[in-house]
Amino acid sequence: MFYNNPFSGLTELVSPLAVQGFTILMVGLVAFGTLMDIIHKKNVKYFFNNAKKAKQNAKVVLSTGQRTSVILKTVAHDIATTAELGRGKRRVAHVLGMYGTIIFWITSALLIFSFPTAGSTTPSAITIMWHVGAIITCVGGYWFWLFLRVDVLAEAHPWYRIIKADLFVLALLACATFGLAWSYTQFSGMIELSYLFLVLYITSNLVLFGGVYWSKFAHMFYKPGAAIQKNLAEADGSRDNLPPLADAPKQFGLGIKREQPKHY
Amino acid sequence: MSTFVYMTRCDGCGHCVDICPSDIMHIDETIRRAVNIEPNFCWECYSCVKACPNHAIDVRGYADFAPMGHSVRVRREEEKGTISWKIKFRNGNEKNFVSPITTKPWGKFIPKLAEEASPNQGEINSQRLYTEPNGLNIDGDLPTISKDTFKKGVYY
């Protein structure tokens, strides 16, 4: 199964151009949904107003080099490892889901655009990465969904209670799960089941990429921006009005560690 | 007045939900971020503000005694055992304070007062509170301020 390119089998049903067109449509839906979200929530306007305020309160004027250094450090630390989630299971689950999804999407695009026909020989590394990406997404996503979600962990709701905020994670999990099921059934020769999972895979993709306006999909664009702004504010001394880091003697306070939020 | 959440900062970790003594910090059902569901019931204890690892929670003061433009923000550094406060007045004046964290881990170190010896008259008359100064985890005695430094015309 891991050596199977599920998209090449699609050529028996539709032309590769249709599949490529569908992929481009999904990218377009993400761009359109994000734009609508920005207009509706006015969060980009807020972001720039906040940045302007931070600039006025700045104690130090950062040079271009210093700003670049802060941005690069933020990308390497805060964004690439989702440092804002602290040291814990949520961060591990998020990193798994994030890198799994990135691998899954990049390899999907490669398979669709570079090796679209049944005749083309797909490198096994790419098909393996596609499957591994989907599996990693499932591991991180289901771990989060079943155990780590704040609704379950801090608010004591059962895992099967679904709300609007679950649209993104559930659609993403559905994509990865149905994608794997489609590949497996196609590889095993279960034709009818493979068609069923193909339809479910397409539907979940439509929900995931078409539902950007209603889901929290766009957080993957906003969060990096917010992390960069936060670290620039720390570097230029404005610190969003927060106090400076404490210069306290060693014996100050108990300094107890934060506990898991589960004392509902 | 009440707490509010900066949505770009909140990551929906649930620490504020967990710690709020009034149970009014909840997770929004649309975007899974923290939200104060009943601002009128917030008594500004600052528990959630201090607990938030992302500094995503802020407090609006009543306009009569905390006019617009002011800000009171907190930074909790558990590795140093400190809570730092920055008070910014609307005329631009700033005051910074650093306090020790005195919070105990959940369910631990609950004093069994019934088993303690009764305080003597000297301890009752003392300005010190129970377990001070040892409970504050500081070396030596409590800091004092000389009466000479008091504002003139104020009697103590």
Side-chain angles (χ1 to χ4, degrees), chain A residues 41 43 46-47 50 57 82 84-86 88 90-91 94 148-157 161-169 214-216 219 222-223 225-227 229-230 239-264, chain B residues 6-19 23 25-34 51 53-56 58 70-88 94-109 136-139:
Chain A
K41 288 185 187 154
N43 43 13
Y46 165 80
F47 177 79
N50 211 30
N57 292 331
T82 55
E84 74 166 52
L85 298 178
R90 281 183 85 227
R91 185 173 176 186
H94 191 274
L148 307 178
R149 216 161 21 116
V150 67
D151 317 46
V152 178
L153 198 66
E155 297 229 88
H157 292 305
R161 174 180 170 272
I162 295 171
I163 55 172
K164 199 177 163 190
D166 300 319
L167 183 63
F168 170 69
V169 64
W214 298 277
S215 76
K216 47 174 281 191
H219 83 284
Y222 304 147
K223 277 286 179 186
Q229 196 266 326
K230 176 186 152 190
R239 295 193 197 92
D240 287 333
N241 277 336
L242 282 166
L245 294 169
D247 181 17
K250 264 188 180 174
Q251 76 274 14
F252 230 50
L254 296 167
I256 65 163
K257 295 259 184 300
R258 280 186 181 83
E259 295 177 27
Q260 283 271 350
K262 57 182 180 186
H263 303 94
Y264 42 78
Chain B
Y6 295 117
M7 289 293 154
T8 48
R9 283 289 184 87
C10 177
D11 68 14
C13 67
H15 278 284
C16 55
V17 177
D18 195 44
I19 207 159
D23 195 23
M25 293 305 291
H26 281 242
I27 297 295
D28 184 90
E29 300 210 342
T30 309
I31 51 171
R32 188 167 284 124
R33 297 281 179 259
N54 291 312
H55 311 118
D58 213 338
H70 86 296
S71 119
V72 179
R73 300 217 68 192
V74 187
R75 187 193 292 271
R76 183 176 188 275
E77 292 170 87
E78 58 193 33
E79 65 282 3
K80 293 181 190 168
T82 55
I83 297 269
S84 305
W85 296 80
K86 181 174 176 181
I87 322 288
K88 195 172 169 186
E94 282 181 18
K95 286 189 184 295
N96 288 284
F97 305 100
V98 182
S99 315
I101 292 176
T102 54
T103 315
K104 311 282 192 296
W106 283 77
K108 289 181 183 170
F109 308 113
L136 292 176
N137 201 19
I138 55 173
D139 286 337

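Because the structure is predicted, anything quoted here is derived from the model rather than measured.
Heavy-atom distances place no part of A:Arg91 under 4.5 Å from chain B, backbone and side chain included. Within the 4.5 angstrom heavy-atom criterion, no atom of B:Val72 approaches chain A. B:His15 touches chain A through backbone and side chain together, each having a heavy atom under 4.5 Å away. Residue A:Tyr46 touches chain B through its side chain alone, counting heavy-atom pairs closer than 4.5 Å. In this structure, chain A has a heavy atom under 4.5 Å from the side chain of B:Ser71, while its backbone stays farther away. Of the two parts of A:Leu245, the backbone and the side chain both hold a non-hydrogen atom closer than 4.5 Å to a non-hydrogen atom of chain B. Heavy atoms closer than 4.5 Å to chain A are found in the side chain of B:Arg33, but not in its backbone. Contact annotation for B:Glu29: both backbone and side-chain heavy atoms come within less than 4.5 Å of a heavy atom of chain A.
Side-chain contact between A:Asp240 and B:Arg9: present, with at least one pair of heavy atoms (C-beta onward) separated by less than 4.5 Å.
The NZ atom of A:Lys230 lies 10.5 Å from the OG1 atom of B:Thr8; values are rounded to the nearest 0.5 Å. Taking CG of A:Asn241 as the start and CD1 of B:Ile87 as the end, the distance is 11.0 Å to the nearest 0.5 Å.
Between chain B and the residues A:Ile163, A:Leu167, A:Asn43, the most heavy-atom pairs under 4.5 angstrom are made by A:Ile163. With chain B as partner, the option from A:Lys216, A:Arg90, A:Lys164 having the largest number of non-hydrogen pairs under 4.5 angstrom is A:Arg90.
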- Before giving the answer on salt bridge (Lys or Arg N to Asp or Glu O under 4.0 Å), spell out for A:Asp151 and B:Arg32 the whole-Å C-alpha distance, their side-chain angles and the decisive distance to 0.1 Å. CA-CA 8 Å; A:Asp151 317 46; B:Arg32 188 167 284 124; 2.8 Å; yes
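Scored by the side chain to side chain contact (heavy atoms under 4.5 Å, CB included) test, B:Asp58 finds B:Phe4, B:Tyr6, B:Arg73 as partners (sequence neighbours excluded). In this view, B:Glu94 and A:Lys59, B:Lys86, B:Lys88, B:Asn96 satisfy the side chain to side chain contact (heavy atoms under 4.5 Å, CB included) rule, not counting sequence neighbours.
In this structure, B:Arg75 contributes its side chain and A:Leu242 its backbone to no donor-acceptor pair below 3.5 Å.
Of all heavy-atom pairs between A:Ala246 and B:Val98, the closest is CB-CG1, 3.9 Å.
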